[in-house]
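Right, one structure below, let's go through it.
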Number of protein chains: 2
Amino acid sequence: MIKILLADDHQIMLGGISAMLENEKEIEVVGAVSNGLEVLEFIKNKEVDVLLLDLQMPVMDGLETTMHAKKLRPKLNILMLTTNDEGSIITSIFKKGATGYLLKSASKSSLIQGIKDAAEGKKVLSSHLTAIMIDSLSEKPSPKKGEAPPITKRELEVLQLIAEEFTTQEIADKLFVSTNTVATHKRNLFVKMDAKNSVGMVKMAIDWGWI
Amino acid sequence: MIKILLADDHQIMLGGISAMLENEKEIEVVGAVSNGLEVLEFIKNKEVDVLLLDLQMPVMDGLETTMHAKKLRPKLNILMLTTNDEGSIITSIFKKGATGYLLKSASKSSLIQGIKDAAEGKKVLSSHLTAIMIDSLSEKPSPKKGEAPPITKRELEVLQLIAEEFTTQEIADKLFVSTNTVATHKRNLFVKMDAKNSVGMVKMAIDWGWI
DNA sequence: TTCAATATCACACAATTGTGTGAGAAAAAC
DNA sequence: GTTTTTCTCACACAATTGTGTGATATTGAA
């Protein structure tokens with residue numbers, strides 16, 4: 001018997017899912033709540049095998065709820081319910097520790113199968129959403145418009161050392177040049193990378209795979 | 001007619017794939033090379049619709065090849081061939097611009113279907129490898145040893161604003177507190193995160209998925 | 001209720017970063 | 001073989017960051 005907790009801010013959704021699962025002998029809906037905080041309250045006291053979680057909720061959304069719920073009950077299996085226009089955050093779902101995701105428009109059979117898979121800890125994914133997720137991954141390399149700016153070899157060295165938390169003085173020592181030189185390299189980097197400060201440059205360097 | 005280029009450092013693999021595709025009327029193998037450099041040479045001069053690329057190759061591996069090939073021919077569809085023990089880098093495959101991946105142990109029919117899908121630009125994925133990929137995503141949050149330090153809500157806000165290249169003064173204005181307060185939060189962050197400067201904190205924040 | 005953690009602020013001061021301007025030598029590109 | 005880019009350095013100065021020390025009010029947990 002798989003114990004399920006439903007979480008969705010739309011009563012109709014809760015009702016619909018409950019109805020879908022009503023005749024399933026292996027599945028028992030042990031609760032239905034309408035936001036993340038209530039989820040956390042619920043699982044503190046009661047046993048739950050699978051959490052069916054709406055991504056969009058007031059007070060505490062699915063993502064945050066997943067994070068907190070996983071801390072409370074690391075072995076809890078969480079299935080995220082999404083619409084198909086939320087592809088860009090699907091990777092986050094898994095980073096936070098969810099077991100899988102289902103489309104809200106999923107059929108009864110795929111819902112039930114998904115729950116059973118999740119209960120066993122299997123990853124649950126709709127191929128449709130997976131494709132969207134991959135799209136969002138491939139879009140990553142160029143976070144800003146256009147190409148990575150052309151950086152010289154020396155500038156890259158300086159940038160990498162900045163990323164390693166070295167001061168200008170320390171970088172100068174490592175490269176056997178004066179601090180003025182390092183400062184000039186940084187100055188040029190700021191212009192090329194259009195960054196306000198070292199933090200900005202390092203972030204971009206990470207985005208572009210330079211560190 | 002889909003024009004295919006094969007790239008694998010194992011002659012047997014090349015032979016095997018060629019044989020598999022021999023009787024396919026819609027697919028034509030226009031070349032077979034054994035490393036990434038040869039791939040780039042090939043696609044410079046000749047027309048190719050789909051590139052079937054081994055992930056592990058000498059001289060230039062599949063990942064690097066994908067990156068360069070995509071620069072040369074942005075519309076080229078690349079299918080990566082992998083064994084099932086390389087899950088952790090599957091996300092990189094897509095980040096570099098590949099269209100999909102196939103298991104080397106794939107059946108003839110799934111290979112052919114995969115190629116046809118790829119030729120149309122469709123994402124190609126084996127559900128098995130997708131699960132591995134997602135595992136590697138969920139593992140990401142703690143790349144360094146140990147746990148992420150406990151940061152308060154306010155400290156997180158400050159940290160996120162630092163990452164957005166705001167100065168202490170600007171952060172203070174945004175949060176309606178004094179610069180002294182922001183400085184104190186930063187001070188505490190330095191201790192908690194064991195960072196030397198803001199750059200270090202932002203790097204860790206990225207590692208831990210806080211920004 | 002008491003205690004620990006959080007969030008707030010002040011003042012002072014050293015260290016570091018970022019900017020403006022100018023310039024010479026070496027290496028690479030043309 | 002000339003031109004451009006890269007790498008180097010200097011000096012000065014404003015802005016920002018990071019540190020040390022101490023203090024008060026609020027909150028939430030024990």
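No hydrogens, no waters, no symmetry mates; every other heavy atom, side chains included, goes into these values. Being a predicted model, the structure only gives us computed values, none of them experimental.
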**Prompt:** What are the two closest heavy atoms between A:L76 and A:A69, and how far apart are they?
**Reply:** CD2-CB, 4.3 Å
**Prompt:** For the pair made of CD in B:E155 and P in C:dA5, what is the distance, rounded to whole Å?
**Reply:** 13 Å
**Asked** With side chains defined as the heavy atoms from C-beta onward, is the minimum distance between B:D173 and B:F166 less than 4.5 Å?
**Response** no
**Prompt:** Could you state the CG-C1' distance from B:L189 to C:dA7, rounded to the nearest angstrom?
**Reply:** 13 Å
**Asked** Contact class for A:T181 vs. all strands (heavy atom < 4.0 Å): base, sugar-phosphate, or nothing?
**Response** base
**Prompt:** So what does A:S178 touch, heavy atoms closer than 4.0 Å: a base, only the sugar-phosphate, or nothing?
**Reply:** sugar-phosphate
**Asked** Under 4.0 angstrom, heavy atoms only, what part of the nucleic acid is A:S198 near: base, sugar-phosphate, or nothing?
**Response** sugar-phosphate
**Asked** In this structure, which one of B:R187, B:K192, B:K186 forms a salt bridge (Lys or Arg N to Asp or Glu O under 4.0 Å) with B:E155?
**Response** B:K192
**Request:** Select from B:N180 and A:A195 the residue whose nearest nucleotide in DNA chain C is closer to the 5' end of that strand.
**Result:** B:N180
**Message:** Between B:K192 and A:T168, which residue's closest nucleotide on DNA chain C lies nearer the 5′ terminus?
**Reply:** B:K192
**Message:** For C:dA7 and B:H185 - does any side-chain N or O of the residue sit under 4.0 Å from the phosphate oxygens OP1/OP2?
**Reply:** no
**Between P of C:dT6 and CG of B:L175, the distance in whole Å** = 17 Å
**Request:** Check every strand shown and say whether B:N188 touches a base, only sugar-phosphate, or nothing at a heavy-atom separation below 4.0 Å.
**Result:** nothing
**Prompt:** Within this structure, what is the CZ-to-C1' distance between B:R187 and C:dA7, rounded to whole angstrom?
**Reply:** 13 Å
**Of B:K196 and B:T184, the one whose closest DNA chain D nucleotide lies more 5'** = B:K196
**Least distance between heavy atoms, A:A119 atom then A:I2 atom** = CB-CD1, 3.7 Å
**Message:** Output the rounded distance in Å from CZ (A:R154) to P (C:dA27).
**Reply:** 13 Å
**Asked** Does any non-hydrogen side-chain atom of A:V202 lie less than 4.5 Å from one of B:V202?
**Response** no
**Item:** B:V177 and B:V182, any side-chain heavy atoms less than 4.5 Å apart
**Value:** yes
**Message:** As a quick check of understanding, evaluate salt bridge (Lys or Arg N to Asp or Glu O under 4.0 Å) for B:E165 and A:K203, giving each step before the final call.
**Reply:** CA-CA 10 Å; B:E165 295 173 71; A:K203 271 210 311 171; 5.2 Å; no
**Asked** Nucleotide range of DNA chain D contacted by chain B, 5' to 3', under 4.0 Å to a heavy atom?
**Response** D:dT17 to D:dT21
